[in-house]
Structures are given as C-alpha cells and as structure tokens.
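Working notes, structure below.
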Amino acid sequence: MTAEVTATLPDGTRRPLPPGGTVGDLLRAWNPQGASHYLAATWDGRSVDLSFVPARDGTLVPLTFQDRAGRDIVQHSSAHLVAKALVEAIPGALPTAGPPTDEGFYYDFDVRPLTPDDLESVRATMGQDIASNLPFERLEVARDEANRLAAGNRHKLGYIAEIPESETVSFYRTGSFVDLCKGPHVPSTKWLAGLHILGFSAITAGGVREGEPLQRVRGVGFPTKAELEAYLKLRAEAEARDHRTLGQKLELFSFTDDAPGFPFWHPNGMVVVRELERFVTEHFADDGYREIRTPLMFAKSVFETSGHWEHYRENMFLTEADGREFGWKPMNCPGAMLIFRSRARSYRELPLRLAEFAPLHRFEPSGTLHGMTRVREFVQDDAHLFVTEEQIEEELVRLLKWIDRAFTTFRFTWSYELSKRPAQFLGDSAKWDRAEEMLERVLKSSGIEYRASPGEGAFYAPKIDIHVRDSLGRPWQTGTIQLDYQMPARFGLEYQGADGHLHTPVVIHRTILGSWERFFGVLLEHTNGRLPPWLSPVQIRVLPLADRHEAAAAALADRLHRAGLRADQSGSAESLSKRVRETEISRIPYAIVLGDQEISAGTVALRVRGEKGQKSVSEADAQHRMVEAVRRRAFDP
RNA sequence: GCCACUGUAGCUCAGCUCGGUAGAGCGGCUGAUUCGUAAUCAGCAGGUCGAGGGUUCAAGUCCCUCCAGUGGCUCCA
C-alpha cells in the first residue's frame, strides 16, 4: 500500500510515483507545459482517468484530444452531460447507453418522444454545467451497491448483470447525476466547452425487428468553442456542395413527388452519364468484355432459382400479368445466367465476361431515400465473369488494376472491405470458405490493406466492397466484387472441360463505380460540381464582347465543336462581367472572350476554371490544350 | 417502414404567433444599353400557398388524415 510505483513515460524516462499519487500529478510534473492538454492517459495500454492511482509499475502515456482515444473520451463525457441534462429536464427518463462514434457521440434514452423544446432545456442546463466546471468523479462499488444506484432503470441493471464478476463496477458522478460507466472521463466539464447537439431521432434498440423504440440524442464534443466553430464551418461548406443542390442548379437531374426515389436525368446530366459509360466501355473492350441486354422483369420462377425470392423479395417491385407473378430485377445476375445457359458452353469460351448496363429497381423504404446516393432505380457498370476455378485469381488481379485506374482518374481515395458469410446464406459452408480464402489471398498478394467484416456478405457470395469518401468525410460504398459458387449451380450452368466432363463455372459479379446515380452524386460533392473537362456538359463557352463579334464567336464555337469539344456561345445583351460570372457559376471549365483586340491579333482570351485572370493565346493553342485535357481525362482543366 | 421537423412563383425565402382571400430577390420574357473578365437599367408575366377533409361569416395562417422532402434509425450500388 505504501510501496512506491514507477511509471515509464513516452520519452523513456522512469519516474517514481509517491503512494496515493495520481497519474495526473505525475504527468504535470513530467511536462508542465503540455499538461494543460492532457485529458486522460493510458496505463499499460488501458485508458484511465487522470485521477487514477496505479498499484504497481507500468507505462504511462498522456492522452489529448488529438488522439483518437482522447477524442472518444471527450465524446463520451459529452454524452454523460447530455444524459444529466435530459434526466433533469424529463423526470422518469431512463438513460441506456451513450458511446462515442466516428462523428461524435449519441446517448439513447427510454423516454417519451422528444421535442425541440426538450433539447432547448437540455442545452440550457448543459451550458450552466459547463460554466460550473463540474468534476467527473469515479466511484467503484460492490454489486449490491451498484444495483441500488441503478434501481429503477432496468437497462442499467441489465448492463450490470452482464459485467463479468472479475471486473469492478464503476459509476461516475457529475454534479447530482450518477451513471454506470466504465470510464475514463475528462477531469471536469470545462473540457466540454465545445459541446454541440446535432439532433435527435427515434431508433430501434438492439437491431432490426424486435427492439423497443428508444430516443437518441446525437452530438459532438470539442474541448473549446473555437474547435466547435471550425467544425461547424466545415459542415456548412459541405452543405453548400450538397449534390442535390448542385444537381438542381446545374440542371443535371431532378425528382418528382409522384415517383419518389426515381431520378430524372436532364440533358446536362445525361452527357455525364454517357461519358462515364464511354470510360467504362473502353475498358470493357480492352479487357475482353461483351455487352448484353436482358429483360427488366422476370417471372417469379427465375427469382426462385436465383434465390432472390427467398432472400430479397421485400426489396423488390412486384407485378402481375397473365395471372403470373413477375418481379422487376433488382440485380443483373439472373439475365446473365440465362444467357450463359442458352446453349452448351465450352471451356474455350471462358472467361466469358458479360456486361450489362440495365436499369435496376429496388424497393427502398421511403425514409432511406437520399438524393442520387439512395434511389429506387439505378444503372450499374455491371458485369458477370464466368470463369473456371483456375481463372479466378487472374481475373481478380485484373479487376484490382482497373479499380486503381478508375478511381485514380477521379482523384478519389478509397478503401477495401472484405465482407464474409452472412447469417442467412445460400449453399454449403465449404464453398463459402473456399471463396472467402480466395478473395483474401488475392488481396494479400496484391499488397492491399482491407477491413474484414464478418456477416456482411451478400446472401449468395462473399465480396470485396470499395468505399470512397465524400466531402463530408462520409464513406460511400461504390463498387463490389462478389465471388459466387452458388448461383451458377442453382441455374444449372455447365461447360464442357478439356477433360470431356461437364463442370460448373464460378461467377464473379462485379461493379466498380457502382451505380451511375450514386457515383455521380458522390463525384459532385467531391468536386463541388467542378467536373473534370471530359465530363463537363459544356466544356467551353465563347463570349462575344459585343454584338458585332457574334458572327466570329459562332464561327469559333463551330470550329471547337468540330474538334470534338462541347462548346456553346453566350449572347451579347448582358454585360461581359455578368456573362463571365454565369460561366463561372455554371462551372464551365473554359471560357473564351472574343473582341476587337483578339480578332485583329488573331488570338483568343482564354479563361480557365480555377486559374486567376485570363491569357491571350492562339486559337490553335487554346484548342490543343482543351482537346488534350479531354483526351487524357485530366482531372483539372 | 419508425421518430422529429419542413412543404408559399422555376429557385431561395418573407407572410402563419394575434384568421380578414398573397410579397421580395434571383431566374424568365420584352425593351433600352454594345459593354474587356464574378451581378447595366426599366417594364411585364408568373402562385388552385403539397393534397384532401374539418372548425369558422371568413383559412396560406387553427385542427385531422394522407403525400413528399430533410435529419437520424435500419438497409445498401
């Protein structure tokens, strides 16, 4: 009890800690300047409060808000403060759990539905609590004391029952509020000066179906108001480049109440889709894909064969004709299977790569729709590769190369996720194991880092998902590669091998950009609507200075058009300033002003999006620059 | 689908608290201006106030139901 313990610090020094001394005391003595940023610490790798008193020697590392663990502690402490204020505002409200998240934190309550007024009083109470600088005090208690403290809250009593006997039960006291919690916490509420409530909503506890409704309050915590303001500013900037707003302003796409979740592609948006398709079909040609087109709907029996009827029906649009049930296809695979099966196949035809850009329909619950990133009808850069076992690896390696090229073109950062067998799966475990091992091996041999997600696979196959990050830092799933041993067998697909025997092919389902809809939405936010020149609906606008220059402008626009550029021309009724402004707002990558100076000098005044001012160049140079940027699919003009 | 909020002109929004049959800016059209790199001036047109029902002498405004959108939950390309 009186023995001195020794702490090893990050710089390698070892310091004695007097009996009863806290890690906070020691850190303050070790680094008086930095100590004001220390909000907690780790002791032998375990997160602890600054008030922690170690019992034996160990290594001590301070935590600040810059550390993920430190950031999580601020979020978690913020959640406690929200709970304190909400319980005071609504007597009888039962706190359940309040963890940190990637974004911030939430706290779930067993309480009547919340109102904006509730949040107002929560905000007011929290403001007072932060000003009062209440300490977070840790209480370690015996089981019966714990049950007494949590009396009346069956959720907390349940959590206590789940804590292993070997672990101490701890509570934290903040003012009058005492909450079951493992900790650690910030020392006091002044650390939560930048606490902000983001919103509230009803959620279903414990997953999908059976859970009881709880009310969730979401927020984000920062140690200072300045950090909160920087965060809010970033959010506002992200909001300003919301793809739904851009889609409307740039006349790319729209929606109507009478077809919720079904996009209307306007002419400008359609140019982008066609260019994206061209980008992908060029790769198809290079890599030996062939395009097919199959029906948008099939009789129920096809989906019974594919397994969709059993596993995916609640996500399908159904209809009826001739007294038979039909379903709109939610995926392209059944059509590709039926084309493969349309005649006898030889091993010499494999790999058979069948691509299909067909509209897919999925019934998504109304509350999940979100602009172009979550729709009910979409087209994917989809293909199905029918291969032999021996060909799988080479095909996967080839696909990973295309992924690199595709996403580099759009200057995205992306990551891989390996999703394994879900709870409900088709087929036998041995084949699943083999498919999962194969995907894992190819990822590893390609030197790719990935996150493994057990249980997240499709019902018919394990998959590699590709995630890109948008301007809000939100990850979006775009592409997916699925290795399928099930569906070919269910459709009875066969090919004759070199050995003269019939074999079942393996199918690789793959879409890389994902749907045009979602990819385009993410790309708009990524670029703030400043699409690369090759994707821009209008690539170059010619601005005649005055009406006497209109004929020359029309002739120039025509020459640019014949050079393969999408050029248009402004009128001259508006001021030049205004027309330049409109060109900028429309995100058109190039503008050329044509006036007396240019016509007499035989030059053009070229204005390039993202660059200051304009430059006088020959028409040939201007055209060459633009044509090359488009041809190379350059990201910037 | 669940919870909360929102829905007024093509777009962004005011009017709703305290009921007395609609207003601005941008955009559009017309005219004037012919201009040197992010908003020239004037005039005009444009709205069954998301839909349906109710209360009232009277409803954009109050109440109910539905639809859609937004933010979450869940799910996913």
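Every chain is numbered from 1 and lettered A, B, ... according to where its sequence line falls, protein lines coming before strand lines.
Residue-level contact check: A:D596 touches the bases, meaning some heavy atom is under 4.0 Å from a base atom. Contacts of A:R362 with the nucleic acid, taken as non-hydrogen atoms under 4.0 Å apart, include base atoms. Residue A:E517 is out of contact with every strand shown, counting any heavy-atom pair closer than 4.0 Å. Note on A:R510: nothing from the nucleic acid sits closer than 4.0 angstrom, heavy atoms only. At a threshold of 4.0 angstrom between heavy atoms, the contacts of A:L369 are confined to the sugar-phosphate backbone, with no base atom among them. At a threshold of 4.0 angstrom between heavy atoms, the contacts of A:K463 are confined to the sugar-phosphate backbone, with no base atom among them. Using a 4.0 Å heavy-atom distance criterion, A:R218 is classed as a sugar-phosphate-only contact. Among the atoms of the strands shown, none is found under 4.0 Å from any heavy atom of A:G199. Heavy atoms of A:E584 sit under 4.0 angstrom from at least one base atom. In this structure, A:T478 reaches the sugar-phosphate backbone alone: every heavy-atom distance under 4.0 Å involves primed, P, OP1 or OP2 atoms, never a base.
When both pairing distances are held under 3.5 Å, B:U37 makes no Watson-Crick or G-U pair with any nucleotide shown. Base pairing of B:C75 is not made with any nucleotide, judged by Watson-Crick or G-U wobble geometry with both donor-acceptor distances under 3.5 Å. With both pairing distances under 3.5 Å, B:U17 is matched to nothing as a Watson-Crick or G-U wobble pair. Across all strands shown, the partner of B:C62 is B:G54, judged by Watson-Crick or G-U wobble contacts whose two distances both fall under 3.5 Å. Pairing partner, B:C29: B:G43, with both Watson-Crick or wobble hydrogen-bond distances short of 3.5 Å. Using the Watson-Crick or G-U wobble rule with both distances under 3.5 Å, B:A4 pairs with B:U70. Nucleotide B:A22 is matched to nothing when pairs are restricted to Watson-Crick or G-U wobble geometry with both distances under 3.5 angstrom. Base pairing analysis places B:A9 opposite nothing; no Watson-Crick or G-U wobble pair with both distances below 3.5 Å involves it.
Regarding contacts with the backbone of B:U74, every side-chain N or O of A:T368 stays at 4.0 angstrom or more from both OP1 and OP2. For B:A77, the OP1/OP2 oxygens have a side-chain nitrogen or oxygen of A:Q477 closer than 4.0 Å. Between A:H370 and the phosphate of B:C76, there is no side-chain N or O to OP1/OP2 separation shorter than 4.0 Å. In this model, the phosphate group of B:A77 is not approached by any side-chain N or O of A:R376 to a distance below 4.0 Å at OP1 or OP2. Remark: A:R235 is not in phosphate contact with B:G71, judged by side-chain N or O atoms under 4.0 Å from OP1 or OP2.
Counting to the nearest Å, the P atom of B:A77 and the CZ atom of A:R518 are 7 Å from each other. B:A38 atom C1' lies 12 Å from atom CD of A:Q614, rounded to whole Å. Distance NZ (A:K249) to P (B:C11): 13 Å, rounded to an integer number of Å. The nearest whole Å value for the distance from the OH atom in A:Y106 to the P atom in B:U74 is 8 Å. In this structure, A:Q597 places its CD atom 12 Å from C1' of B:U37, rounding to the nearest Å. Rounded to an integer number of Å, the gap from A:L250 CG to B:C11 C1' is 13 Å. Atom CG of A:L513 and atom P of B:C76 are 21 Å apart (whole Å). Taking atom CD of A:E314 as the reference point, atom C1' of B:U74 lies 12 Å away to the nearest angstrom.
Panel note: side chain A:Q380, backbone A:W516; no donor-acceptor pair is recorded below 3.5 Å. Of the possible polar contacts, none joining the A:T603 side chain to the A:S616 backbone as a donor-acceptor pair under 3.5 Å is found. Side-chain atoms of A:N268 do not come within 3.5 Å of backbone N or O of A:P537 as any donor-acceptor pair.
To the nearest whole angstrom, the two P atoms, one in B:A59 and one in B:G54, are 12 Å apart. When the P atom is compared between B:U17 and B:G7, the two are found 14 Å apart, to the nearest whole Å. The separation of B:G31 from B:C13, taken at their P atoms, amounts to 33 Å, rounded to a whole angstrom. Rounded to whole Å, the P atom of B:G27 lies 12 Å from the corresponding atom of B:A39. Using atom C1' as the reference point in both B:A58 and B:U70, the two lie 34 Å apart (nearest Å). Rounded to the nearest Å, the gap between the C1' atom of B:C16 and that of B:U8 is 11 Å. Rounded to the nearest Å, the gap between the P atom of B:G10 and that of B:U48 is 8 Å. For the C1' atoms, the distance linking B:C44 with B:C35 amounts to 25 Å, nearest Å.
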Please tabulate the protein-to-nucleotide N/O contacts below 3.5 Å involving nucleotides 40-42 of chain B, giving atom names and distances.
from: B:U40; atom 1: OP1; to: A:S575; atom 2: OG; distance (Å): 3.3
from: B:U40; atom 1: OP2; to: A:S575; atom 2: OG; distance (Å): 2.8

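A donor and an acceptor atom, one from each side chain of A:T294 and A:K329, are located under 3.5 Å apart. Remark: the A:Y450 side chain and the A:E417 side chain contain no N/O donor-acceptor pair separated by less than 3.5 Å. In summary, the side chains of A:D382 and A:H509 do not present any donor paired with an acceptor at a separation below 3.5 Å, with no hydrogens or angles considered. Looking only at atom types and distance, the side chain of A:H549 has no donor-acceptor partner in the side chain of A:S572 under 3.5 Å away.
Counting heavy-atom neighbours within 6.0 Å of A:E251 CD, excluding the residue itself, gives a total of 12 or less. Heavy-atom neighbours of A:R274 CZ from other residues, nucleotides or ligands within 6.0 Å: at or below the threshold of 12.
Evaluation of the ring-ring contact (aromatic ring centres under 6.0 Å, His included) rule for A:H196 yields no partner, not counting sequence neighbours.
Near RNA chain B, meaning a heavy atom under 4.0 Å from it, residues 451-460 of chain A has no residue at all.
One donor-acceptor pair, N or O on each side, does fall under 3.5 Å between the base of B:G36 and the side chain of A:E598. A donor N or O paired with an acceptor N or O is found under 3.5 Å between the base of B:C76 and the side-chain atoms of A:R374.
Residue A:L114 is the one, among A:E364 and A:L114, whose nearest nucleotide of RNA chain B lies closer to the 5' end (criterion: closest heavy atom). The residue among A:R607 and A:S366 whose nearest nucleotide of RNA chain B lies closer to the 5′ end is A:S366.
A salt bridge links A:K615 to A:E611: at least one charged side-chain nitrogen sits closer than 4.0 Å to a carboxylate oxygen.
Across B:A4, B:G1, B:C73, the shortest atom-to-atom separation from the side chain of A:P365 is found for B:G1. Taking every side-chain heavy atom of A:T480 into account, B:A77 is the closest of B:A38, B:A77, B:U34.
Of the listed residues (A:F279, A:Y289, A:F407, A:F284), just one forms a ring pair (Phe, Tyr, Trp, His ring centres under 6.0 Å) with A:W402, and that residue is A:F279. Residue A:F425 is tested with A:W432, A:F459, A:Y460 for a ring pair (Phe, Tyr, Trp, His ring centres under 6.0 Å); the sole match is A:W432.
In this pair, A:F519 does not lay its aromatic ring on the base of B:A77; centres under 5.5 Å and planes under 30 degrees do not both hold.
Ring pair A:H361/A:F317 is perpendicular by interplanar angle, where above 60° counts as perpendicular and below 30° as parallel.
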